**Student:** 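Could you have a look at this structure, given as structure tokens, before my questions?
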Amino acid sequence: MNIPDSNTTFPLPHHDRLCFLKNIITNPNIIVGDYTYYDDFEDVRNFEKNVKYHFDFVGDKLIIGKFCMIASGATFIMNGGNHLTDSLSAFPFSIFGGDWASAMEGKTYPYKGDTKIGNDVWIGHNAVIMPGVKVGDGAIISTNTTVTKDVEPYTIVGGNPAKIIRKRFSDEQIEILLQLKWWDWDLEKITRSVKILTGTDVDELRQMLNE
Ligand SMILES: CC(C)(COP(=O)(O)OP(=O)(O)OC[C@H]1O[C@@H](n2cnc3c(N)ncnc32)[C@H](O)[C@@H]1OP(=O)(O)O)[C@@H](O)C(=O)NCCC(=O)NCCS
């Protein structure tokens, strides 16, 4: 079998604007699964620049599954960008030191946890994912969408703030797809299944499970 290699940084010949993302990541708090790709109109290394306010001292992680498609300009806002929202002022006095240094004593900035993107998720051009959001397997984030809340598996969302556009399949089909977890199959089986995966028949995919 001739199976594309997920360890190849630039899998398209003569094209360095699309990469298998895991191969260019340098930040240990960004974890990316096999075959997830990122394309960028200018430079794929813009990806890490688009993970904003991602500070080591906060320690939050951006975790992205396998076989995701991430378009140019997709941006992830991390917890380091959070200010106080329940206080009289959101101004971060303490970071400027001097007699302001103690302003945050006994207080903490809002923290929403890690950002988790499932498997086979398509993130459209210029989408923005807010801190702590969990995006389920098979979801689609439309162009220019700002995702502020978790997205259920196999759901298309759009707008600002993101609203459900539609589910991609029936609840029963989604249940089966989530059980099959094709992205975790061995590569030979995935390779034998690519025509089914690009079709619409969930039962055909289920039959591959025992092959
Ligand atoms: C969402 C998308 C996948 C289309 O899905 P679709 O099911 O064919 O959607 P339709 O075009 O039929 O539109 C369905 C509804 O979603 C809305 N919609 C589509 N794109 C939207 C967007 N980016 N933001 C908000 N709403 C959007 C439509 O207005 C329509 O609304 P309505 O039901 O009130 O009329 C597509 O619009 C999209 O955003 N693709 C991403 C493209 C991209 O960024 N590619 C990057 C290169 S990989």
Side-chain angles (χ1 to χ4, degrees), residues 21-22 25 27-33 36-41 44 46-95 104 107-171 173-175 177-178 181 183:
L21 184 57
K22 68 170 189 176
I25 296 297
N27 185 333
N29 283 331
I30 303 178
I31 297 147
V32 180
T36 284
Y37 73 80
Y38 175 65
D39 83 275
D40 192 288
F41 301 144
V44 292
N46 284 336
F47 182 85
E48 285 201 35
K49 292 185 195 157
N50 286 350
V51 183
K52 311 276 192 193
Y53 310 106
H54 197 198
F55 305 129
D56 290 348
F57 64 85
V58 177
D60 51 348
K61 293 185 169 52
L62 169 60
I63 302 165
I64 302 175
K66 302 178 196 172
F67 294 97
C68 292
M69 303 135 272
I70 306 179
S72 189
T75 299
F76 299 83
I77 307 290
M78 304 300 286
N79 287 282
N82 292 339
H83 288 212
L84 297 174
T85 52
D86 294 333
S87 52
L88 303 183
S89 170
F91 194 82
F93 289 97
S94 59
I95 66 170
M104 280 298 289
K107 302 165 192 143
T108 49
Y109 288 107
Y111 182 80
K112 308 282 178 76
D114 296 336
T115 299
K116 288 190 185 154
I117 311 298
N119 303 280
D120 194 14
V121 173
W122 178 22
I123 301 182
H125 176 55
N126 278 351
V128 177
I129 315 287
M130 295 303 287
V133 161
K134 319 289 185 250
V135 177
D137 299 320
I140 296 177
I141 314 298
S142 311
T143 308
N144 278 338
T145 288
T146 299
V147 186
T148 59
K149 297 201 167 83
D150 294 355
V151 178
E152 293 292 310
Y154 291 98
T155 302
I156 305 177
V157 297
N160 180 6
K163 301 284 181 212
I164 294 177
I165 292 177
R166 64 181 170 86
K167 295 264 183 185
R168 296 179 59 193
F169 307 104
S170 71
D171 289 347
Q173 288 170 319
I174 291 172
E175 195 59 46
L177 287 165
L178 293 175
K181 290 183 187 299
W183 43 84

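Since this is a predicted model, take the numbers as computed values, not measurements.
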**Student:** What's the verdict on side chain to side chain contact (heavy atoms under 4.5 Å, CB included) for Asp120 and Met69, showing C-alpha distance, side-chain angles and the deciding distance?
**Tutor:** CA-CA 7 Å; Asp120 194 14; Met69 303 135 272; 3.5 Å; yes

**Student:** Applying side chain to side chain contact (heavy atoms under 4.5 Å, CB included) to Phe47 and Ile25, what does each step give before you reach the verdict?
**Tutor:** CA-CA 8 Å; Phe47 182 85; Ile25 296 297; 3.8 Å; yes

**Student:** So, the side chain of Lys163 versus the backbone of Pro161: is there a donor-acceptor pair under 3.5 Å, distance only?
**Tutor:** no

**Student:** How close do Val32 and Lys22 get, heavy atom to heavy atom, and via which atoms?
**Tutor:**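 Shortest heavy-atom separation between Val32 and Lys22 comes out as O-CB, 3.6 Å.
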
**Student:** Please name the pair of heavy atoms, one in Met78 and one in Thr115, separated by the smallest distance, quoted to 0.1 Å.
**Tutor:**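 Looking at all heavy atoms of both residues, the shortest contact is SD-OG1, 3.9 Å.
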
**Student:** What are the two closest heavy atoms between Asp150 and Lys134, and how far apart are they?
**Tutor:** OD1-N, 3.0 Å

**Student:** How about Glu152: does its CD atom have over 12 heavy atoms from other parts shown lying under 6.0 Å from it?
**Tutor:**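 No - once you tally the heavy atoms of other residues, nucleotides and ligands closer than 6.0 Å, there are 12 at most.
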
**Student:** How long is the straight-line distance from CD1 of Ile95 back to CE of Met104, given to the nearest 0.5 Å?
**Tutor:** 10.5 Å

**Student:** What distance do Leu21 atom CG and Glu48 atom CD have between them, rounded to the nearest 0.5 Å?
**Tutor:**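 Reported to 0.5 Å precision, the distance equals 8.0 Å.
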
**Student:** Rounded to the nearest 0.5 Å, how far does CD1 of Ile123 lie from OG1 of Thr75?
**Tutor:**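 Interatomic distance, Thr75 OG1 to Ile123 CD1, rounded to 0.5 Å: 10.5 Å.
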
**Student:** Could you walk me through whether Asp40 and Tyr38 pass the side-chain hydrogen bond (donor to acceptor under 3.5 Å, both in side chains) test, one step at a time?
**Tutor:** CA-CA 7 Å; Asp40 192 288; Tyr38 175 65; 2.5 Å; yes

**Student:** For Thr146 and Met130, indicate whether the former's side chain and the latter's backbone hold a donor-acceptor pair under 3.5 Å.
**Tutor:** no

**Student:** Looking at CZ of Arg166 and CZ of Arg168, how far apart are the two atoms once the value is rounded to the nearest 0.5 Å?
**Tutor:** 8.0 Å

**Student:** Would you say NZ of Lys116 has more than 12 non-hydrogen atoms from neighbouring residues, nucleotides or ligands within 6.0 angstrom?
**Tutor:**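 No, the 6.0 Å shell around NZ holds no more than 12 heavy atoms from other groups.
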
**Student:** Would you call the rings of Tyr53 and Phe55 parallel, tilted or perpendicular if under 30° counts as parallel and over 60° as perpendicular?
**Tutor:**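 Ring orientation of Tyr53 relative to Phe55: perpendicular.
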
**Student:** Which of these passes side chain to side chain contact (heavy atoms under 4.5 Å, CB included) with Leu62: Asp114, Val51, Ile129?
**Tutor:** Val51

**Student:** Pairs under 3.5 angstrom only: tabulate donor-acceptor contacts from the side chains of residues 136-145 to other protein residues two or more places apart or in another chain.
**Tutor:**
unit_1 : atom_1 : unit_2 : atom_2 : d
Asp137 : OD1    : Asn119 : N      : 2.8
Asp137 : OD1    : Asn119 : ND2    : 3.0
Ser142 : OG     : Val157 : O      : 2.6
Thr145 : OG1    : Ser142 : O      : 3.0
Thr145 : OG1    : Gly159 : N      : 3.0

**Student:** Which residue pairs satisfy the ring-ring contact (aromatic ring centres under 6.0 Å, His included) criterion with at least one member in residues 131-170, sequence neighbours excluded?
**Tutor:**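 Counting only pairs at least two positions apart or across chains, the ring-ring contact (aromatic ring centres under 6.0 Å, His included) contacts touching residues 131-170 are Tyr154-Phe169.
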
**Student:** Please find the pair of heavy atoms, one from Val151 and one from Thr155, that lie closest to each other, and give the distance.
**Tutor:** CG1-O, 4.0 Å

**Student:** Measuring from Ser94:OG to Tyr109:OH, what's the distance to the nearest 0.5 Å?
**Tutor:** 4.0 Å

**Student:** Which atom names give the shortest non-hydrogen contact between Ile174 and Lys167, and what distance separates them?
**Tutor:** CD1-CD, 4.0 Å

**Student:** Looking at CG of Asp60 and CZ of Phe76, how far apart are the two atoms once the value is rounded to the nearest 0.5 Å?
**Tutor:** 13.0 Å

**Student:** Any idea which heavy atoms bring Ala71 and Gly124 closest together, and the distance?
**Tutor:**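 Shortest heavy-atom contact: CB-C, 3.6 Å.
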
